[in-house]
Amino acid sequence: MSSEIAFSDVRSLKSLLDTGRITPTELVSVFSGRIKSLNDISRAFITVTAEEAANAAGSLNKADLSKSSIAGIPFASKDLFDVRGIRTTAGSRVFQDRIATEDAFVIDRLRREHAIGLGKTNLHEFAFGATGENEVYGTCVNAYDPTRLAGGSSSGSAAAVAFGMVPAALGTDTGGSVRAPAALNGLVGLKPTIGRVSTRGVVPYCWTLDHVGIMTRTVADCADILEIISGYDPQDPASVSLPEEPYSASLGADFSGIRIGIPTRFFFERADPEVLAALELVKEHLSSRGAMLLPVTLPDMEHARTVSLTVQMPEALSAHSAYLEEHGHLYSRDFRAGLALGQCLLAEHYVKAKRFIECYRQQTNAIFRDVDLILTPATPEIAPEVGTVKTTRDGVSEAVGNAITRFTSFFNMTGHPALTMPCGMHSDGLPIGLQLVGRYFEERTIFQVASDLDQTEAFSIPLPKTDC
Amino acid sequence: MVLSAGNRETKVKPLAKTTLEAICEQMASHAWSDRELEELVDPKLGIITGFQDLLEELDILRNTDLGTTPPALGVQKS
């Protein structure tokens, strides 16, 4: 029973709660037990709040449990999200004693709906990096093969769900840090439209590119959680005021006639052949369901990484300026190297990069006049081995973190909503993922198609074999 | 709108550590160690793919005409 619960999705657990077959206290106990058994291997959690979670679960009555789709359900949040009374380390020695005095906007939303926070998850220090390696709190491993990386920077959130320690988790995504680790671990990962979900109370890395994201086992769970955490926040300058939407209403809806763009370059190049083969099967399936697949030419990606980096590093330096003098020695060497680079870029470089981002946005919006969604692989490679520094594909060598986020980072610049989900297994026993990108604030269209794929047997993947 | 500068050549001189030291000394800057400035000139950590390469690419971007395109701000529902 314990293992069955551990790998259940939120909706299934909610059904057990609603019918009285399990209590919130028992649910918390199962997941707390999993964390106790598996955290040394997975390194998923930095701080576990089992006692607080048990108290919260014990206090819920029937009326509380009927309040929302997430009431009584345990979740985890990346250790960048402030949770009142709990430390927010950001995966760094710099913040090792920083106790949050208020809940982040999204934590407050979840708590108001009686979701139960079970702890704070590991990450690449301050979200600077996509491998999830962390010299202070350990490196998160992949649930399908502990010799492989979980990916990052939301490494702990991905590992926590994939190892069956929580059914859902929050992460942040600045270049793919939710979508990529979700894909490498066989999960659903969503980066909503920029401005859709408030980032207030989340330790910033790069204001222009940071997004709050969601990791779950199913598309339906992802839609349910987005309903809860999205909404206007007057205290977040990027927040957009729009009517709240019932995303779950689009699940399972017919999508025949939908136009899906298939990029003609970059996104289907320099990738593992098994990844490309899996995407071909997805295309065939979508066609069979009545979707029209149309070739699209996305903007030239030649300088995209440079543009992204030129915005990231000065913003990160500005965000950390207040801590550098007193705590500078506590940062890891690689992050300090990035901040030093931010110091030496010119203001004109930064502004030009932001103008390039506006061009990317305009060009991508123009594509969305002709198509409703864009389909790409989530990552060009499956989860790399722990310790991998570079990957080589078709004779081109690339830093492993860059490879992991090669297909995701562009959409942080454009701000379009993007979801990754599993679509097959590699012969090495690791998940392969796809990415669906939609128009601004049209997450429902993504959910519409993704929910069909989620329900299609051909794209389902086996659960990881964890020892618990 | 042209986003690629194609084969345009840059005129960025090879980066010298003394240049960075002078910038840090004369302009408002945090205290970077010798080793950190050295990393920018001759990267070993693998996180930053060479400041020299980045500067050359930035020079191409700087010389790319984006017309009157403003910097990216918020997004709106279309």
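The analysis underlying the following values was restricted to heavy atoms, covering all of them including side chains, and did not include hydrogens, waters or symmetry mates. Chain A is the first sequence line, chain B the second, and so forth, proteins listed ahead of strands; every chain is numbered from 1.
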Chemist: With chain B, which of A/Gly129, A/Gly415, A/Cys344, A/Gly195 has the greatest number of heavy-atom pairs at distances under 4.5 Å?
Modeler: A/Cys344
Chemist: Can you tell me if B/Asp59 uses its side chain to pair, donor with acceptor, with the backbone of B/Leu55 under 3.5 Å?
Modeler: no
Chemist: Please classify the contact between B/Leu20 and chain A as side chain, backbone, both or neither, with a heavy-atom cut-off of under 4.5 Å.
Modeler: side chain
Chemist: What part of A/Leu242 is in contact with chain B, defined as an atom under 4.5 angstrom from a non-hydrogen atom: side chain, backbone, both or neither?
Modeler: side chain
Chemist: Let me know if A/Thr306 has heavy atoms under 4.5 Å from chain B in its side chain, its backbone, both or neither.
Modeler: both
Chemist: Please name all residues satisfying side chain to side chain donor-acceptor pair (under 3.5 Å) with A/Arg406, sequence neighbours left out, ordered by chain then number.
Modeler: A/Glu398
Chemist: Could you tell me whether the side chain of A/Glu315 and the main chain of A/Trp207 form a donor-acceptor pair under 3.5 Å?
Modeler: yes
Chemist: Nearest heavy-atom pair of A/Lys390 and A/Ser397: which atoms, and what distance?
Modeler: CD-OG, 3.5 Å
Chemist: Mark yes or no for whether A/Glu269, through its side chain, and A/Phe266, through its backbone, hold a donor-acceptor pair below 3.5 Å.
Modeler: yes
Chemist: With side chains defined as the heavy atoms from C-beta onward, is the minimum distance between A/Thr199 and A/Pro204 less than 4.5 Å?
Modeler: no
Chemist: Do you know which of A/Val351, A/Leu339, A/Ile194 has the most heavy-atom pairs with chain B at a distance under 4.5 angstrom?
Modeler: A/Leu339
Chemist: Identify which of A/Arg355, A/Glu358, A/Glu348 forms the greatest number of heavy-atom pairs closer than 4.5 Å to chain B.
Modeler: A/Arg355
Chemist: Chain B: which of A/Ala353, A/Ser321, A/Pro237, A/Gly401 shares the most heavy-atom pairs with it under 4.5 Å?
Modeler: A/Ser321
Chemist: Can you say whether A/Thr208 sits under 4.5 Å from chain B via the side chain, the backbone, both, or neither, judging by heavy atoms?
Modeler: neither
Chemist: Determine whether a donor-acceptor pair (N or O, by modelled atom type, separation under 3.5 Å) exists between the side chain of A/Arg439 and the backbone of A/Val371.
Modeler: yes
Chemist: Less than 4.0 Å between a side-chain N and a carboxylate O, is that true for B/Lys17 and B/Asp42?
Modeler: no
Chemist: Kindly give the heavy-atom pair with the smallest separation between B/Trp32 and A/Ala340, and that separation in Å.
Modeler: CH2-N, 3.6 Å
Chemist: Is A/Leu345 close to A/Tyr350 at the side-chain level, that is, under 4.5 Å between some pair of heavy atoms?
Modeler: no
Chemist: Mind checking which of residues 322-331 of chain A sit less than 4.5 Å from chain B, heavy atom to heavy atom?
Modeler: A/Leu324
Chemist: Taking A/Arg361 for the side chain and A/Met413 for the main chain, is one N or O donor matched with an acceptor at less than 3.5 Å?
Modeler: yes
Chemist: Please flag which part of A/Arg336 lies under 4.5 Å from any non-hydrogen atom of chain B: side chain, backbone, both or neither.
Modeler: both
Chemist: Considering only heavy atoms, which portion of A/Ala238 lies under 4.5 Å from any heavy atom of chain B: side chain, backbone, both, or neither?
Modeler: neither
